[in-house]
J.: 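One structure, pasted below without further comment.
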Amino acid sequence: MSQQKYKTKVYNGSDWNSPTTNTKNGLCLSGGGSRALSAGLGQLIGLKSLCNGDGRTLLDSVDYISSVSGGTWLTSIYSFSKNQNLDDLLGVYKPPTTLTESNIGNLPSGSIGHAPSKLSFTDMISIVSEKIGLLNILRHPEVRKWMWAVIVGELVLKPYDLYNGTMVGSDSKITPMPKRYFSLDEAYMEKNIKALSGNGVANGSLTGDDFYFHQSGRPFPIMNTNIKLDYQQADSALLPVQGTPIAVGATGEVCESGTSLSADGGIEAFAFTSYWQSQTGDDAIVDIDRRYSLIDIVSCSSAFFAQIAGKQIATAAAIFAAGVNTANLDVEKQDGILEMEEEIIKDLSTFVPQYNYWPVGSATPCNQNTGFADGGNLDNTGLLGMLARSNATSIVVCYNSETPLGSHENIAVEGYNKKVALISTDIPILFGYQPKPINGTYVQFCNKTPADLQYLRAAQVFESNEFGPLVSSLFSASNGQQSPTVARTTSLKVCDNLFAGIYDRGNVDLLWIYNNYASDWVDEIETNSWELAGNIRFGRDIPISDFYNFPNYSTALQLDLNASQVNALAQFQAWVINQVSDQLTEMFGEH
């Protein structure tokens with residue numbers, strides 16, 4: 001695509017939140033690869049299976065979904081897929097007494113649950129080989145930034161008709177070119193994008209065929225990623241970025257070692273990663289040489305896996321370049337392959353998604369090559385984006401962790417007079433505590449906090465004195481790890497957060513659904529299918545022993561899950577949702 005000139009609206013501050021005013025209910029879906037997608041899928045199925053008294057489902061009552069990483073794989077498809085049959089797109093809740101060995105792997109033909117089975121390293125390598133070329137990965141670091149976007153586009157989005165594009169250029173210039181942008185709906189596009197006019201701008205030529213549109217009646221999605229101030233540095237400071245059907249951008253400030261980046265809003269999603277040329281008021285003139293599409297925001301949101309996949313693809317590229325059969329390698333050839341591998345992976349930052357970025361709010365925005373990190377690198381719950389980009393006051397947080405709540409209250413909390421159970425590292429930082437206990441105590445961030453953890457201070461959204469009581473209430477609800485951990489926390493005050501541009505947010509009500517061990521579900525399965533119950537407990541045939549936490553399978557199950565594993569986890573979470581129907585109805589029942 002040759003470079004063309006467009007005009008785009010600039011949204012200052014929080015003016016790019018949902019255009020719907022009658023909204024209050026939010027749902028956060030955490031990150032965690034295919035585990036998060038599968039658990040989130042079950043949570044949507046569960047909400048769809050419950051009615052709120054007026055004939056609508058609880059899923060119909062959700063106004064916003066804020067997602068991170070693997071949760072964004074789910075959210076993007078659910079939000080934009082034209083499939084109107086939700087029983088097919090999501091699935092149907094099946095009580096545990098109906099699950100058997102023969103039907104546990106049954107997913108509807110159009111279900112989003114098929115996505116994880118495509119995310120095997122074998123399929124990833126095949127896609128990269130076909131679309132980019134393994135030799136290009138070896139020889140041209142410039143093209144590695146596209147590897148993860150191509151994988152996400154071809155394997156996650158394309159099966160649901162949400163990616164259609166071509167590869168252009170060759171060697172170091174090869175680039176994926178999506179054929180469509182994304183936006184809210186056709187009426188919004190006509191009014192806010194196409195109608196913009198000016199000298200030589202191409203807006204008027206756009207039609208509905210140039211966009212994927214958010215589907216009416218589905219929650220407004222907030223897809224989270226982060227700008228890395230220095231993408232070549234592992235623990236670099238992060239600036240939270242949110243992508244919605246209206247706009248993509250950031251509202252905050254980050255500073256590190258004398259380098260700073262501040263932004264005060266977003267621009268129309270179609271123009272994100274464009275090249276700023278000039279601006280008059282709230283209208284900017286930009287050059288676009290590549291359409292920013294769903295593959296871009298979704299791959300940035302899940303960028304954690306770019307470097308994991310990069311290591312595997314580095315090996316494949318080295319073997320391909322050597323042109324040998326790995327079954328019978330002499331020492332010299334083995335050393336040669338290792339040398340090529342090391343050449344690729346010595347700088348894994350080359351696999352980080354990178355785009356041009358110009359910050360809204362600058363007097364003269366500067367176009368610059370910018371790395372984008374996984375949304376979960378700062379906040380893996382989705383709460384940061386929900387609080388920044390919505391006015392939701394009733395929020396359900398589905399935290400699909402692989403880390404179960406501790407079985408004993410044996411950890412002290414600085415400033416709290418009783419001990420608590422160990423909890424996943426993503427929760428303490430929301431309250432200003434360091435992610436892990438130090439010498440048996442959760443301590444708050446301070447100037448003595450290790451340098452490689454200081455950037456996590458930016459995740460705090462709640463007052464520190466609420467952390468201990470929350471973990472205590474979660475432990476109480478867990479019933480000694482025999483129940484899914486659920487606690488209602490009312491009127492948590494939201495702290496101002498300059499990194500995410502959160503100010504004067506007031507109080508929110510939260511219902512936490514923390515992915516924890518629950519033997520009752522398997523016990524119910526056993527009344528009808530002792531074979532399936534035994535396989536789940538002990539990991540026979542389908543390796544999902546303790547699959548709701550994945551303590552033994554977390555590395556493998558971050559990406560590649562088969563249909564049995566996906567449906568088992570989804571049905572478990574749908575059951576969890578049904579177990580807490582009273583609390584959910586109280587949160588979402590009145591709209």
Side-chain angles (χ1 to χ4, degrees), residues 1-12 15-16 18-19 76 79-82 131 146 149-150 152-154 157-158 160-170 173-216 220-221 223 243-249 265-300 353 355-360 365 367:
M1 177 179 176
S2 59
Q3 199 167 74
Q4 289 184 290
K5 184 164 67 172
Y6 288 87
K7 182 180 284 188
T8 179
K9 285 184 175 295
V10 175
Y11 296 92
N12 293 299
D15 291 344
W16 45 294
S18 169
S76 60
S79 299
F80 289 91
S81 171
K82 290 184 177 181
K131 299 297 181 180
W146 296 119
V150 168
V152 167
E154 294 287 340
L157 297 173
K158 192 171 187 176
Y160 302 92
D161 296 323
L162 294 176
Y163 172 61
N164 184 12
T166 58
M167 304 300 297
V168 301
S170 60
K173 302 296 184 182
I174 195 165
T175 304
M177 288 289 186
K179 291 186 177 179
R180 294 188 176 189
Y181 304 104
F182 63 94
S183 189
L184 186 64
D185 54 39
E186 190 152 7
Y188 178 91
M189 182 274 297
E190 291 278 352
K191 179 181 178 181
N192 293 278
I193 300 175
K194 184 174 181 177
L196 294 177
S197 61
N199 184 24
V201 301
N203 296 60
S205 64
L206 294 171
T207 71
D209 291 336
D210 291 308
F211 292 85
Y212 299 111
F213 291 120
H214 174 249
Q215 296 300 295
S216 176
F220 187 79
M223 299 171 283
T244 77
I246 290 180
V248 184
I267 58 173
E268 293 286 352
F270 89 99
F272 195 68
T273 72
S274 62
Y275 293 84
W276 184 89
Q277 299 300 324
S278 63
Q279 188 168 335
T280 302
D282 292 336
D283 292 336
I285 301 296
V286 299
D287 287 336
I288 295 178
D289 60 4
R290 178 187 176 277
R291 295 188 170 190
Y292 185 78
S293 192
L294 289 174
I295 73 165
D296 303 302
I297 184 62
V298 176
S299 63
C300 286
Y355 295 87
N356 180 68
Y357 171 74
W358 55 272
V360 171
N367 298 307

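Model, not experiment: these values are computed from the prediction.
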J.: Quick one: does V286's side chain get under 4.5 Å of K5's, heavy atoms only?
T.: no

J.: If we ignore angles and hydrogens, is there a donor and acceptor under 3.5 Å between the side chains of E268 and Y6?
T.: no

J.: Check whether any side-chain heavy atom of N367 lies under 4.5 Å from a side-chain heavy atom of Y357, and answer yes or no.
T.: no

J.: Test side-chain contact (heavy atoms from CB on, under 4.5 Å) on F220 and T244 and set out the steps.
T.: CA-CA 8 Å; F220 187 79; T244 77; 3.6 Å; yes

J.: To the nearest 0.5 angstrom, please state how far the OG1 atom of T166 sits from the NZ atom of K131.
T.: 9.0 Å

J.: Can you check whether R291 reaches F270 side chain to side chain, under 4.5 Å on heavy atoms?
T.: no

J.: Please tell me if the side chains of V10 and D283 come closer than 4.5 Å, counting only heavy atoms from C-beta onward.
T.: no

J.: For Q277 and D287, which I'm curious about, is there any donor-acceptor pair between the side chains at under 3.5 Å?
T.: yes

J.: What's the verdict on salt bridge (charged side-chain N to carboxylate O under 4.0 Å, His left out) for D210 and K194, showing C-alpha distance, side-chain angles and the deciding distance?
T.: CA-CA 11 Å; D210 291 308; K194 184 174 181 177; over 6 Å; no

J.: Centre-to-centre under 6.0 Å for Y181 and F211, is that the case here?
T.: yes

J.: When you compare the side chains of Q3 and Y275, does any donor N or O come within less than 3.5 Å of an acceptor on the partner?
T.: no

J.: Checking C300 against Y355 for the side-chain contact (heavy atoms from CB on, under 4.5 Å) test, could you report, in this order, the C-alpha distance in whole Å, the side-chain angles of both residues, the deciding distance, and whether it holds?
T.: CA-CA 10 Å; C300 286; Y355 295 87; 3.5 Å; yes

J.: Got a second to check how far I193's CD1 is from N203's CG, nearest 0.5 Å?
T.: 8.0 Å

J.: Can you label the angle between the W358 ring and the W276 ring as parallel, tilted or perpendicular, going by 30° and 60°?
T.: tilted

J.: What verdict does the side-chain contact (heavy atoms from CB on, under 4.5 Å) test give for M223 and S76, after you've listed the backbone C-alpha separation in whole Å, the side-chain angles of each residue and the deciding distance to 0.1 Å?
T.: CA-CA 8 Å; M223 299 171 283; S76 60; 4.1 Å; yes

